[in-house]
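Working notes, structure below.
Each chain gets a letter, A, B and so on, in the order its sequence line appears, and its residues count up from 1. The structure presented is a predicted model; accordingly, all values stated were derived computationally and were not measured.
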Amino acid sequence: MTFSNLLIQWYLQNKRDLPWRNTTNPYPIWLSEIILQQTRVAQGTPYFYNFLNQFPTVNHLAQADEQQVLKLWQGLGYYSRARNLHQTAQYIVNELDGIFPNSYAGLLRLKGIGEYTAAAIASFAYNEPVPVVDGNVFRVLSRYFGIESDISLGKTKKEFTALAAELLPKDQPALFNQAIMEFGALQCVPKSPSCEDCIFNTSCVALQKGLVGELPVKSKKLKVSHRYFNYIVVTDTNGNTKLQQRTDKGIWYNLYEFPLIETQKEEGFETIAPLIQNDASFGASVISIQEVNPISIVHKLSHQHLHIKFWKVTLDGALDDGVTDQQLKAFPFPIVIHNFIEDVWAK
DNA sequence: AAGGCGGGGTT
DNA sequence: AACCCAGCCTT
């Protein structure tokens, strides 16, 4: 039995029943693939159902406002995925008559679709024999074949893509691609895989050489920066608050937040209160300032640790652009702000 | 080629 | 605390 056939056999006996696997319609397949980029199945699945309910077809998605799409994406992270999803839906409807490109090469040209996602959609929807190479595939192949190349390098990705292409049975690409990813997700897991139960435990090179814990080799380490955010949560005489949209390149682009004072280090009342007092943008004078959480929340992104304090400020006038509690629910927020609104502000 | 981009689960 | 997750885009 070949590696590929064993893998497919394993898959047929062990696969999970996932909702995007029971179709060849490119729309739900595309949707699932974008949602699952750098995201676990368990985290992404509820979002998949919500999007499909709200936007049953690419036409529905194209007609939505970006704010509506971002709101539905709220909490999933990497928000450029949502913005690109929306733009690509509009492109498909307006420029391609609502028909998805029917090949790997065509899919690859769409915004938000890279090599992995193009191969996934092309194989799952059209049975085009193109191999997927994701984190699972790197892990499975590096271990089974004992490949010690650094997967952070572009050269290595080409190496693995070529190997996967050789292994791919041309008559059942969808099955093989699903199988190798599922095997990586369920059996050949990153840490402490149970190799004693593995169907490949007599042929896996990494197991024979004692390299399972070392593979795949990945050199790239990301460094974390620290930032200090002070969110000014105002209440005016109408009980309204103030929001702003993030329009600078960087985290949370196009999402909403409370007025922000960013400092170079963690600051206390003596430093922040005068800055709030002198902020003319409220158009009303400040009655009181209260530090909601004197110990800052540390909100950890993959590459930034945000030290966040919320400051409750009462105004004696009415905001021009005040937002009511009811309106607040429609804005897309970073999850840390959403949690503040739900857990602190609403109570 | 390198770095930015979320949030959460696992070890 | 470190690592990873059905990666992609910009520089």
Side-chain angles (χ1 to χ4, degrees), chain A residues 11 15-16 18-21 29-48 70 73-85 87-88 107-124 131-140 150-158 161 164 174 176-186 188-193 213-214 216-225 227 246 248-255 297-306 332-339:
Chain A
Y11 175 69
K15 65 175 178 173
R16 294 166 291 182
L18 302 177
W20 45 85
R21 282 186 180 153
I29 293 174
W30 168 60
L31 181 60
S32 72
E33 291 302 337
I34 302 302
I35 287 174
L36 293 175
Q37 286 167 4
Q38 291 291 285
T39 303
R40 291 173 189 281
V41 166
Q43 187 186 5
T45 299
Y47 288 82
F48 175 77
L70 286 172
W73 200 270
Q74 177 179 283
L76 199 54
Y78 286 154
Y79 296 93
S80 65
R81 291 183 293 171
R83 299 188 299 268
N84 289 335
L85 186 80
Q87 288 175 33
T88 294
L107 290 162
L108 191 56
R109 291 189 211 108
L110 300 178
K111 197 174 291 186
I113 296 185
E115 292 178 359
Y116 162 77
T117 304
I121 300 172
S123 61
F124 302 158
V132 293
V133 178
D134 73 336
N136 292 303
V137 175
F138 274 126
R139 191 167 56 253
V140 172
D150 181 357
I151 66 168
S152 300
L153 305 177
K155 179 175 63 176
T156 304
K157 188 177 178 188
K158 289 186 178 179
T161 303
F176 175 80
N177 281 341
Q178 294 279 15
I180 192 167
M181 289 194 287
E182 191 80 334
F183 187 76
L186 299 183
C188 196
V189 294
K191 299 197 174 177
S192 310
E214 316 301 318
V217 174
K218 188 176 175 184
S219 66
K220 213 188 294 179
K221 313 283 184 194
L222 56 92
K223 69 172 182 188
V224 176
S225 60
R227 300 175 71 180
R246 293 187 65 92
D248 291 342
K249 290 296 179 191
I251 60 170
W252 302 333
Y253 179 72
N254 275 5
L255 274 66
I297 296 168
V298 183
H299 183 67
K300 294 180 178 180
L301 310 183
S302 54
H303 55 298
Q304 295 181 22
H305 287 187
L306 307 177
F333 295 108
I335 200 64
V336 66
I337 293 180
H338 175 257
N339 289 342

Sugar-phosphate only, base, or nothing, as touched by A:Ile113 at under 4.0 Å among non-hydrogen atoms: sugar-phosphate
Any A:Thr39 side-chain nitrogen or oxygen under 4.0 Å from OP1 or OP2 of C:dA6: no
Nucleotide nearest A:Leu18 when distance is taken to its side chain, options C:dC9, C:dA6, B:dG6: C:dA6
From A:Trp30 atom CH2 to A:Thr88 atom OG1, the distance as rounded to the nearest 0.5 Å: 5.5 Å
Spacing of the P atoms in B:dT11 and C:dA6 (rounded, Å): 13 Å
Worked check of side chain to side chain contact (heavy atoms under 4.5 Å, CB included) between A:Ile35 and A:Gln43: CA-CA 9 Å; A:Ile35 287 174; A:Gln43 187 186 5; over 6 Å; no
Sugar-phosphate only, base, or nothing, as touched by A:Gly44 at under 4.0 Å among non-hydrogen atoms: nothing
Touch class at under 4.0 angstrom, heavy-atom based, for A:Arg21 against every strand present: base
Sugar-phosphate only, base, or nothing, as touched by A:Lys223 at under 4.0 Å among non-hydrogen atoms: nothing
OP1 or OP2 of B:dC5 under 4.0 Å from side-chain N/O of A:Gln304: yes
Donor on one side chain, acceptor on other, A:Ser219 and A:Asp150, under 3.5 Å: yes
Separation of C:dA6 P from A:Glu33 CD (nearest whole Å): 11 Å
Phosphate-side-chain proximity, A:Arg81 and C:dC9, N/O vs OP1/OP2 below 4.0 Å: no
Phosphate-side-chain proximity, A:His303 and B:dC5, N/O vs OP1/OP2 below 4.0 Å: yes
A:Arg40 or A:Ala118, whichever maps to the more 5' nucleotide of DNA chain C: A:Arg40
Exercise: do A:Arg81 and A:Thr39 side chains pair donor with acceptor under 3.5 Å: yes
Any A:Gln38 side-chain N or O less than 4.0 Å from OP1/OP2 of C:dG7: yes
Phosphate contact (B:dC5 OP1 or OP2) by A:Trp73 side-chain N/O below 4.0 Å: no
Rounded distance in Å between the C1' positions of B:dC5 and C:dC4: 16 Å
Whichever of A:Ser80 and A:Pro190 has its nearest DNA chain C nucleotide further upstream toward 5': A:Pro190
Rounded distance (Å) that lies between atom P of C:dC4 and atom CD of A:Gln37: 19 Å
Touch class at under 4.0 angstrom, heavy-atom based, for A:Ser32 against every strand present: nothing
CA sep, side-chain torsions, deciding dist, call: A:Tyr116, A:Val133, side chain to side chain contact (heavy atoms under 4.5 Å, CB included): CA-CA 6 Å; A:Tyr116 162 77; A:Val133 178; over 6 Å; no
Donor-acceptor pair under 3.5 Å, A:Ser302 side chain vs B:dG6 base: yes
A:Asp134, nearest nucleotide to its side chain (from C:dA6, C:dC5, B:dG6): C:dA6
Pairwise P distance, B:dG8 and C:dC8 [rounded to whole Å]: 22 Å
Whole-angstrom distance between B:dG6 and C:dC3, as gauged at atom C1': 15 Å
Short side-chain N/O contact to C:dA1 OP1/OP2 from A:Lys300, under 4.0 Å: yes
A:Tyr79 vs A:Ser192, nearer the 5' end of DNA chain B by closest nucleotide: A:Tyr79
Nucleotide B:dA1, atom P - distance to CD1 of A:Ile151 in whole Å: 15 Å
Nearest-nucleotide 5' precedence on DNA chain B, A:Gly77 against A:Lys221: A:Lys221
d(CG, A:Leu36; P, C:dC5) in whole Å: 13 Å
Sugar-phosphate only, base, or nothing, as touched by A:Leu85 at under 4.0 Å among non-hydrogen atoms: nothing
Near-ring test A:Trp20/A:Phe48, centroid separation under 6.0 angstrom: yes
